[in-house]
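Proteins get letters first, then strands, A, B, ... in listed order; numbering begins at 1 in each.
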Amino acid sequence: MFDAKFVRNNIEAIEQMTARRGEPFSLDGFVQLDEENSHLRTRLEEIQHKINVVSKKIGQLKRENKESSLLQEEMKDVSAEIKELKKKKVEVEASIQEILLRIPNFPHASVPEGKGEEDNPEVKRWGRPPEFDFPPQAHWDIGEKLDILDFKRGAKLAGARFTLYKGLGARLERALINFMLDVHTREKGYQEILPPFMVNRATMTGTGQLPKFEEDLFRVFKDENEDFFLIPTAEVPVTNIYSQEILEPGRLPVYFTAYTPCFRREAGSYGKDTRGLIRQHQFNKVELVKLVEPENSYQELERLLGDAEDILKRLDLHYRVVTLCTGDIGFAASKTYDIEVWLPGQNAYREISSCSNFEDFQARRASIRYRPVSGAKPEFVHTLNGSGLAVGRTLVAILENYQLKDGSVAIPEVLRPYMNGLERIESESSTRAV
RNA sequence: GGAGAGAUGGCCGAGUCGGCUGAAGGCGCUCGCCUGCUAAGCGAGUGUAGGGUGUAAAGCUCUACCGAGGGUUCGAAUCCCUCUCUCUCCGCCA
């Protein structure tokens with residue numbers, strides 16, 4: 001979020017920016033409200049000043065046991081007027097705030113122009129697609145035949161876009177979570193966090209999901225005064241850990257990693273990815289979050305991307321990296337890289353991680369600041385996050401890339417210690433487990 | 001769920017029957033002085049946000065903020081109401 005002063009001085013630049021993002025946003029309403037607010041403030045401060053001065057005077061008279069009722073009478077009207085003005089100002093400010101919260105972030109200068117997904121340039125490619133001497137199957141077929149994924153019963157229990165993992169399927173998911181967390185915490189210096197899976201409205205606003213994207217979230221009612229939102233990503237609770245706080249010198253950078261389930265309404269994606277694990281209302285993800293000093297944030301973004309890529313490299317999964325163009329980049333992000341893993345069953349690259357630098361956009365909303373040196377003025381941190389990785393989609397990638405002719409699936413070397421040394425998932429081994 | 005206690009500046013902590021308290025005092029921190037190092041000592045300073053003035057920095061000045069919101073009043077950290085959070089005890093519970 002930008003502060004009102006910045007918006008006031010950059011009306012045109014912001015409107016142009018929103019157009020480049022493909023969602024033109026007029027600030028006429030803001031300009032009008034901002035002017036009104038300025039008048040109200042001036043008037044309010046004048047009156048308040050008068051009240052303060054006269055009240056002091058009355059106090060003085062009282063202490064000296066002198067008459068003051070005349071002044072008091074006079075102030076009654078003034079006092080009434082200020083009440084009205086204050087009320088008006090609160091309304092105007094709320095309207096301004098509402099607008100400010102809906103202005104998206106500026107894409108970084110290095111972000112390419114584009115209208116949508118198809119304009120995202122490829123940055124790099126790693127590895128190569130596996131070759132099969134048989135037609136590779138989709139993960140839903142593999143998973144059902146091995147009886148490790150049960151889509152029917154998932155749907156029975158909860159509905160479409162919910163899946164039941166069974167036996168070695170559940171085990172493989174858990175192995176992936178542990179493997180990812182171990183790499184990030186032991187080798188990359190991230191601190192492990194297990195956050196609340198539901199958060200309040202303020203937290204959702206801090207990272208930018210609210211107010212604009214409420215329809216994408218699951219809402220949980222506690223009572224008529226309070227409700228929660230299921231987190232759509234660990235980014236939300238983890239980035240907000242230091243909201244409303246000032247980090248003292250030496251505390252940055254902060255690196256967090258967190259496993260959480262993620263909950264998404266997927267409103268507006270009817271008919272998309274209806275089969276399989278790709279698009280679920282609930283899925284697991286290991287997230288990486290960084291709070292850093294502004295001057296390092298782009299360097300940190302590259303490293304964050306590298307940390308996410310490293311998981312795929314160790315799993316020996318072929319992938320490519322694209323930069324999201326102005327038309328495809330998220331609301332809060334300045335720059336985003338998507339990592340897309342190769343899925344032979346779909347003959348396509350699919351997003352498995354999204355790594356973004358938000359610069360100070362989220363930090364402003366959540367008020368996350370740091371003191372560069374002792375005694376210095378607090379500054380906003382830069383926040384970054386990336387999936388490291390989306391666990392369900394990683395499992396999909398393993399099933400499709402490691403599938404064998406006989407319908408079994410090899411287990412990547414690095415995961416075997418997490419699978420009791422198991423090298424392959426075959427139908428017998430899974431039935432035994434259930 | 002029931003009963004009680006509390007929430008003040010970076011920290012600790014005082015605020016009397018509402019007025020001279022943006023807030024005593026202490027600690028910490030910063031700068032300066034002093035002492036052959038260190039420690040101690042002395043002096044000054046030390047919140048955040050917004051507005052006005054200023055070419056800008058500094059400065060000056062105004063407004064708001066003593067958990068949050070509302071009320072009473074000429075005037076509220078101080079009185080009243082609601083809420084949130086923390087702590088103690090009882091009950092219940094994975």
Only pairs with both distances under 3.5 Å count, Watson-Crick or wobble alike; so what is the partner of [N] in this structure?
| N | answer |
| --- | --- |
| G54(B) | none |
| G4(B) | C87(B) |
| G22(B) | none |
| U73(B) | none |
| U63(B) | A49(B) |

Considering only nitrogen or oxygen atoms on both sides, find all protein atoms under 3.5 Å from nucleotides 63-68 of chain B and state each distance.
residue	atom	partner	partner atom	Å
U63(B)	OP1	His49(A)	ND1	2.9
U63(B)	OP1	Asn52(A)	ND2	3.0
A64(B)	OP1	Gln48(A)	OE1	3.3

Tell me every residue that passes ring-ring contact (aromatic ring centres under 6.0 Å, His included) with [X], counting only those two or more places apart in sequence or in another chain.
| X | result |
| --- | --- |
| His108(A) | Tyr298(A) |
| Phe106(A) | Phe2(A) |
| Phe197(A) | none |

Just how far, in rounded Å, is [atom2] of [N] from [atom1] of [X]?
| X | N | atom1 | atom2 | answer |
| --- | --- | --- | --- | --- |
| Asn37(A) | G50(B) | CG | P | 13 Å |
| Tyr370(A) | U48(B) | OH | C1' | 18 Å |
| Arg201(A) | U84(B) | CZ | P | 17 Å |
| Phe228(A) | U84(B) | CZ | C1' | 12 Å |
| Glu93(A) | G69(B) | CD | P | 12 Å |
| Glu245(A) | G10(B) | CD | C1' | 13 Å |

inquiry  = Keeping Asp34(A) on the side-chain end and Phe30(A) on the backbone end, is there a donor-acceptor pair under 3.5 Å?
reply    = no
ask   = What pairs of residues pass the ring pair (Phe, Tyr, Trp, His ring centres under 6.0 Å) test when at least one of them lies in residues 229-270 of chain A, not counting sequence neighbours?
value = Tyr190(A)-Tyr255(A)
Between [N] and [M], how far is it from one [atom1] atom to the other, in whole Å?
| N | M | atom1 | answer |
| --- | --- | --- | --- |
| G13(B) | A7(B) | P | 10 Å |
| G10(B) | A23(B) | P | 15 Å |
| C17(B) | G6(B) | P | 16 Å |
| A40(B) | U35(B) | C1' | 9 Å |
| G2(B) | C92(B) | C1' | 11 Å |
| U86(B) | G28(B) | P | 31 Å |
| C89(B) | C83(B) | C1' | 23 Å |
| A5(B) | C80(B) | P | 13 Å |

Qualifying salt bridge (charged side-chain N to carboxylate O under 4.0 Å, His left out) pairs with a residue from residues 232-245 of chain A, counting only residues at least two apart or across chains =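 For residues 232-245 of chain A: none.
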ask   = With no hydrogens and no angle check, do the side chains of Glu359(A) and Asn105(A) hold a donor and an acceptor under 3.5 Å apart?
value =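 No.
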request  = Taking atom types as modelled, find out whether Thr257(A) and His184(A) have a side-chain donor-acceptor pair closer than 3.5 angstrom.
outcome  = no
Taking only distance into account, with no hydrogens and no angle test, what donor-acceptor pairs under 3.5 Å do side-chain atoms of residues 35-42 of chain A form with protein atoms, sequence neighbours excluded?
residue	atom	partner	partner atom	Å
His39(A)	ND1	Glu35(A)	O	3.4
Thr42(A)	OG1	Ser38(A)	O	2.9

Considering only distance and modelled atom types, tabulate donor-acceptor pairs under 3.5 Å from the side chains of residues 198-206 of chain A, sequence neighbours left out.
residue	atom	partner	partner atom	Å
Asn200(A)	OD1	Ala202(A)	N	3.3
Asn200(A)	OD1	Thr203(A)	N	2.9
Asn200(A)	OD1	Thr203(A)	OG1	2.9
Arg201(A)	NH1	Glu214(A)	OE1	3.4
Arg201(A)	NH2	Glu214(A)	OE2	3.4
Thr205(A)	OG1	Arg201(A)	O	2.7

Annotated protein contacts, base or backbone, on nucleotides 73-83 of chain B with a non-hydrogen cut-off under 4.0 Å, one of B, S, - each = -BS--------
remark   = Residue set satisfying salt bridge (charged side-chain N to carboxylate O under 4.0 Å, His left out) with Arg364(A), at least two apart, ordered chain then number -> Asp3(A), Asp360(A)
message = Counting the atoms with a prime plus P, OP1 and OP2 as sugar-phosphate, which does Lys57(A) contact under 4.0 Å by heavy atoms, base, sugar-phosphate, or nothing?
response =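 Nothing, no heavy atom under 4.0 Å.
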Sort me out a list of protein N/O and nucleotides 54-61 of chain B N/O pairs below 3.5 Å, or just none if empty.
none

message = The test is salt bridge (charged side-chain N to carboxylate O under 4.0 Å, His left out); show your working for Lys285(A) and Glu287(A) and say whether it passes.
response = CA-CA 6 Å; Lys285(A) 184 153 60 72; Glu287(A) 185 76 356; 2.6 Å; yes
Let me check something: any side-chain donor-acceptor pairs from residues 73-93 of chain A under 3.5 Å, sequence neighbours excluded? List them with distances.
residue	atom	partner	partner atom	Å
Glu81(A)	OE2	Arg43(A)	NH2	2.9
Lys89(A)	NZ	Glu93(A)	OE2	2.7

